[in-house]
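Step one of this worksheet: look at the structure below.
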There are 2 protein chains.
Amino acid sequence: MSQMQNVETQLRQMILGLEIGPGEKLPERWIESRFGASRTPVRAALLRLETEGLVGRDGRGWTVSPINLAELEQVAVYREAVEVAALRLTCGLADRSAVDVIEAMLESCDHDTPREEWHRVGMDFHIELARLSGNEFLFRAVRDAMTRLSRARWLEVRDEAALSRAWTEHRAILAAARLGDADEAARLLSGHIVGSRDRLVTSLANDRRGLRARGFAVVAA
Amino acid sequence: MSQMQNVETQLRQMILGLEIGPGEKLPERWIESRFGASRTPVRAALLRLETEGLVGRDGRGWTVSPINLAELEQVAVYREAVEVAALRLTCGLADRSAVDVIEAMLESCDHDTPREEWHRVGMDFHIELARLSGNEFLFRAVRDAMTRLSRARWLEVRDEAALSRAWTEHRAILAAARLGDADEAARLLSGHIVGSRDRLVTSLANDRRGLRARGFAVVAA
DNA sequence: GGCGCCATCTTGGTATCCCAAACTGGTATC
DNA sequence: GATACCAGTTTGGGATACCAAGATGGCGCC
């Protein structure tokens with residue numbers, strides 16, 4: 001793999017995995033030495049990550065984007081629009097058997113699956129569901145929105161109850177989609193997204209002080 | 001202005017203005033000499049334009065993205081989702097007086113306004129309307145979608161009738177939005193987008209041979 | 001002791017240089 | 001005449017040197 005892709009991928013993982021905290025300074029020279037690459041691939045990676053909203057400019061330099069509660073609320077509205085549109089397209093397809101693949105994804109998580117895996121599958125559910133629509137732009141929009149939400153969801157203190165609730169809702173959405181009931185599927189998905197957003201923002205707003213103490217920049221709604 | 005922004009802006013204008021045709025090769029060294037910048041800002045510009053879908057990789061090198069009819073159809077579905085969502089948000093706002101500013105934009109075009117200006121205002125109508133929603137992500141999505149459609153709309157052989165029809169539809173959408181009638185506004189906007197897409201794709205498919213003769217790469221749906 | 005100023009370091013922006021891979025054109029061979 | 005092969009050129013990826021602007025910190029003056 002080329003250095004360019006390598007730096008970009010590794011840096012993204014470090015940011016999404018909170019190995020580099022939201023708000024931290026990110027000098028090009030530090031990245032350069034950290035990954036053993038020169039500044040050319042480093043800059044390419046930063047430019048790409050900037051469009052994903054994971055890093056941003058702070059005056060002259062680069063910083064990891066802080067968690068922004070106002071942004072999270074806006075992303076939720078955005079993803080509701082695109083996910084519902086994608087789901088309606090999928091419900092209109094003649095062959096909706098692919099939803100079974102997604103169902104299987106959900107079932108692959110059980111009580112001794114690591115937390116990290118639940119987190120990943122919870123996002124992939126939405127991404128793969130959008131992919132079924134066959135619309136590349138709706139798919140990318142959902143994927144990008146989930147990327148922006150990823151760190152916040154990771155920070156959220158998720159109890160078992162919230163996870164099992166989410167899984168139940170995911171299954172209900174798939175059931176409606178399998179029947180081709182677009183209105184019901186859309187209703188369930190909207191409710192799921194709005195509910196998730198509320199729990200996420202509430203949780204983060206409550207933990208804000210603690211998160212800041214851990215060195216994570218969190219800006220209010 | 002820094003070289004970086006400069007190269008990016010100028011190159012984007014040349015591509016959108018069809019000064020560089022869809023499908024043309026775009027060597028970094030050519031851009032470098034054309035704009036008197038070095039390769040670093042050129043690379044930055046190309047990376048950004050790549051995320052906008054205006055340039056792409058062709059093996060190892062760069063090319064201006066061809067006009068892709070299948071892509072245009074998918075973009076139309078995408079923009080319908082995000083524009084309708086944005087419009088519904090706007091209809092729910094207490095203060096919708098900002099629609100008057102957009103109305104004024106439409107009125108600024110009359111029979112001796114240059115074609116180029118009609119084209120720009122026709123796009124800005126949708127972009128500014130989305131901005132009113134206050135949702136940054138819906139706004140960006142609409143702006144990016146319009147950017148992708150821009151060259152195709154420019155290529156389209158637009159008769160006066162199509163333009164006046166579009167303006168009538170634009171005014172009707174604004175009227176419904178001013179009243180806060182979200183359902184009606186959404187219905188009108190959807191119809192407008194679907195109609196525009198059909199006319200656009202039909203027109204391009206018919207002209208495809210002629211466009212290719214002009215050196216423009218156009219891939220079928 | 002506090003405040004301001006200057007030297008220094010840091011850092012991103014830019015310009016070049018080098019390299020390996022891919023493309024090109026021409027030539028020699030069959 | 002077609003084809004395979006080889007040298008030269010083009011091209012993007014990577015590395016590095018240099019610069020100007022901004023951040024930093026220490027020293028001196030008030």
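Here is how names work: the chains are called A, B, and so on, in the same order as the sequence lines, proteins then strands, and each is numbered from 1.
A side-chain donor from one of A/Thr113 and A/Asp110 sits under 3.5 Å from a side-chain acceptor of the other. Side chains of B/Asn135 and B/Ser133: a donor-acceptor N/O pair is absent below 3.5 angstrom, by distance only.
Cation-pi check for B/Arg214 over B/Phe216 is not met; the charged atom does not lie both under 6.0 angstrom from the ring centroid and within 45 degrees of its normal.
For D/dG12, its base sits under 3.5 Å from the side chain of B/Arg29 at one donor and acceptor pair at least. A donor N or O paired with an acceptor N or O is not found under 3.5 Å between the base of D/dG12 and the side-chain atoms of B/Arg57.
Residue B/Ser38 has a polar side-chain atom (N or O) positioned under 4.0 Å from OP1 or OP2 of C/dA15.
Distance CZ (B/Arg48) to C1' (C/dG13): 13 Å, rounded to an integer number of Å. What separates CZ of B/Arg39 from P of D/dT16 is a distance of 16 Å, to the nearest Å. Rounding to whole angstrom units, CG of residue B/Leu46 and P of D/dG14 are separated by 15 Å. Look at CD on B/Glu32: it is 12 Å from C1' on D/dG12, rounded to the nearest Å. As a whole-Å value, the separation of A/Glu28 CD from D/dG14 P is 15 Å. Between B/Lys25 atom NZ and C/dT24 atom P there is a gap of 9 Å when expressed in whole angstrom units. Remark: P of D/dA23 and CZ of A/Arg60 are 8 Å apart, rounded to the nearest angstrom. Following rounding to the nearest Å, B/Arg43 (CZ) and C/dC17 (P) show an atom-to-atom distance of 16 Å.
As the counterpart of D/dC6, C/dG25 is assigned, both hydrogen-bonding distances of the Watson-Crick or G-U wobble pattern falling under 3.5 Å.
Contact check on B/Arg12 versus B/Glu52 returns a salt bridge, with a Lys/Arg side-chain nitrogen under 4.0 Å from an Asp/Glu carboxylate oxygen.
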